[in-house]
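Below is one structure, written out as C-alpha cells; the observations come after it.
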There are 2 protein chains.
Amino acid sequence: MTMPSSPLKSWPEIQAAGFSLENCPVRDVLGHVGDKWSTLILGALGKRAHRFGELRRALPDISQRMLTQTLRDLRRTGLVAREVFPTVPPGVEYSLTPLGRSMIAPLAALTAWAESNHAAIRAARADFDRAEEEARAA
Amino acid sequence: MTMPSSPLKSWPEIQAAGFSLENCPVRDVLGHVGDKWSTLILGALGKRAHRFGELRRALPDISQRMLTQTLRDLRRTGLVAREVFPTVPPGVEYSLTPLGRSMIAPLAALTAWAESNHAAIRAARADFDRAEEEARAA
DNA sequence: CAGCATCCCAGTGGATACTG
DNA sequence: CAGTATCCACTGGGATGCTG
C-alpha cells in the first residue's frame with residue numbers, strides 16, 4: 001500500500017464524517033493489512049517463529065529487500081520481535097510479539113470473511129466486467 | 001496498496017506455508033482494507049448512503065479522480081451499489097450492498113483492535129525510532 | 001452534478017551486487 | 001546467514017481541464 005510520508009491534516013474531519021478512524025495508528029495497522037507481504041509474514045509467524053531464510057523460503061515470491069523492509073516495519077509497529085543468536089554463522093529469529101499475537105484474531109476474522117464470501121466477490125467481479133464489456137460494445 | 005496486475009503463481013505454496021490466504025479474493029479484500037480511501041468510503045457509506053458530492057465533502061482530501069476510481073473498484077468487488085436518479089441535475093447515490101454491510105463487522109473488529117492498541121503501537125514506534133537514533137549516534 | 005481524459009511527479013518495489 | 005546499497009522501471013495518485 002501507499003502510505004503518505006507527510007501526515008494528512010484533515011483526518012479529524014474525515015473520521016468525524018464517518019468511521020472509527022483514529023489519527024494515525026489505525027491507518028498504520030490497515031497499511032500492514034493491505035500490504036502485499038505483511039499479512040503473509042504475520043501468518044507465517046503466527047504458526048511459529050521463523051529464521052530469516054525460512055521466511056524467504058516460505059514466501060517464494062518475496063525479494064529479500066521487501067522481506068527485510070517489511071520485517072523492519074512490523075518490528076517498528078511492535079508486532080514482530082527479532083532475536084539475534086550470536087552463533088557462527090549468525091542466526092536471527094523472528095516471532096510475533098504479544099501485541100502481534102493479539103492482532104491475529106481480528107485479522108483472521110477479516111480473512112475468514114473474505115474466504116467465505118469469495119464466491120460472491122468473484123461473481124460480482126465477473127458481472128461487473130461483463131456489463132462493462134456490453135456497454136463498450138454498444 | 002499495490003496490487004499486482006499479474007497474478008502470483010506461487011500463492012498455493014505461500015498459503016500452505018502459513019496462513020488462510022485464498023487464491024485471490026482475500027488479497028482483493030485486503031487490498032481494499034489497506035487502501036488509503038476504501039475504508040474511509042466504506043465507513044461513510046456504512047453510516048448512510050451518500051451522493052458523489054457528499055462523499056467528496058466527507059473526505060476532504062480525496063481527489064475526485066481517486067474517489068471515482070475507488071468507488072468503481074468497490075462496486076466491482078460487489079461491496080458498493082450505485083443508483084442513478086435521472087433527475088435534473090442528475091444525482092447518483094452510493095450505498096453498501098448486503099455484501100458490503102456484512103464486511104463492516106470484521107472490518108470494525110480490526111479497526112477496533114487498532115484503536116485499543118494505538119497507545120502500544122505509538123510507544124513501539126517511539127522506542128524503535130529512539131533505539132535507531134542511538135545506534136546511529138554510536 | 002457526476003465523471004472521464006491527460007499530464008506528471010514521487011514513491012514503491014524488483015534485480016543485482018556487496019558486507020559483517 | 002542476514003542483511004545493506006544502488007539502480008531502475010512501473011504505477012499510484014494529485015492537479016487540471018473537458019463532457020453529458
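Just so we're on the same page: letters track the sequence lines, and every chain starts at 1.
Residues A:L42 and B:F128 do not share a hydrophobic cluster, clusters being chains of Ile/Leu/Val/Met/Phe/Trp/Tyr side chains in contact below 4.5 Å. Hydrophobic clustering (ILVMFWY, side-chain heavy atoms < 4.5 Å, transitive): A:V88 and A:F85 are in distinct clusters.
Across the protein-nucleic acid pair, A:E83 atom CD and D:dA2 atom C1' stand 15 Å apart, rounded to whole Å. Between the CZ atom of B:F52 and the P atom of C:dC1 there is a distance of 11 Å, rounded to whole Å. One can place CG of A:L55 at 9 Å from P of D:dA2, the figure rounded to the nearest angstrom. The distance from atom CG of A:L40 to atom C1' of C:dG13 is 15 Å, rounded to the nearest whole Å. Rounded to an integer number of Å, the gap from CD of A:E93 to P of D:dC1 is 15 Å. The distance from atom CG of B:L59 to atom P of D:dG14 is 11 Å, rounded to the nearest whole Å. A straight line from CD1 of A:I62 to P of D:dG3 spans 13 Å, rounded to a whole angstrom. If you measure from atom CZ of B:R56 to atom P of C:dA2, you get 9 Å, rounded to the nearest angstrom.
Contact check, A:Y94 against D:dG3: a side-chain N or O comes under 4.0 Å of OP1 or OP2. Remark: B:K36 is not in phosphate contact with C:dG11, judged by side-chain N or O atoms under 4.0 Å from OP1 or OP2.
A:R51 meets the side chain to side chain donor-acceptor pair (under 3.5 Å) test with no other residue; sequence neighbours excluded.
Ion pairing between A:E54 and A:R48 holds under the 4.0 Å rule for side-chain N and carboxylate O. Taking a cutoff of 4.0 Å between a charged side-chain nitrogen and a carboxylate oxygen, B:R130 and B:D127 qualify as a salt bridge.
Between D:dA2, C:dA2, D:dG13, one nucleotide has an atom nearer to the side chain of B:D35 than all others, and that is D:dG13.
Contacts with DNA chain D (heavy atom under 4.0 Å) in residues 64-79 of chain A: A:Q64, A:R65, A:T68, listed by number.
In summary, the side chains of B:H32 and B:T77 do present a donor paired with an acceptor at a separation below 3.5 Å, with no hydrogens or angles considered.
For the pair A:L74 and A:S38, the minimum side-chain heavy-atom distance is below 4.5 Å.
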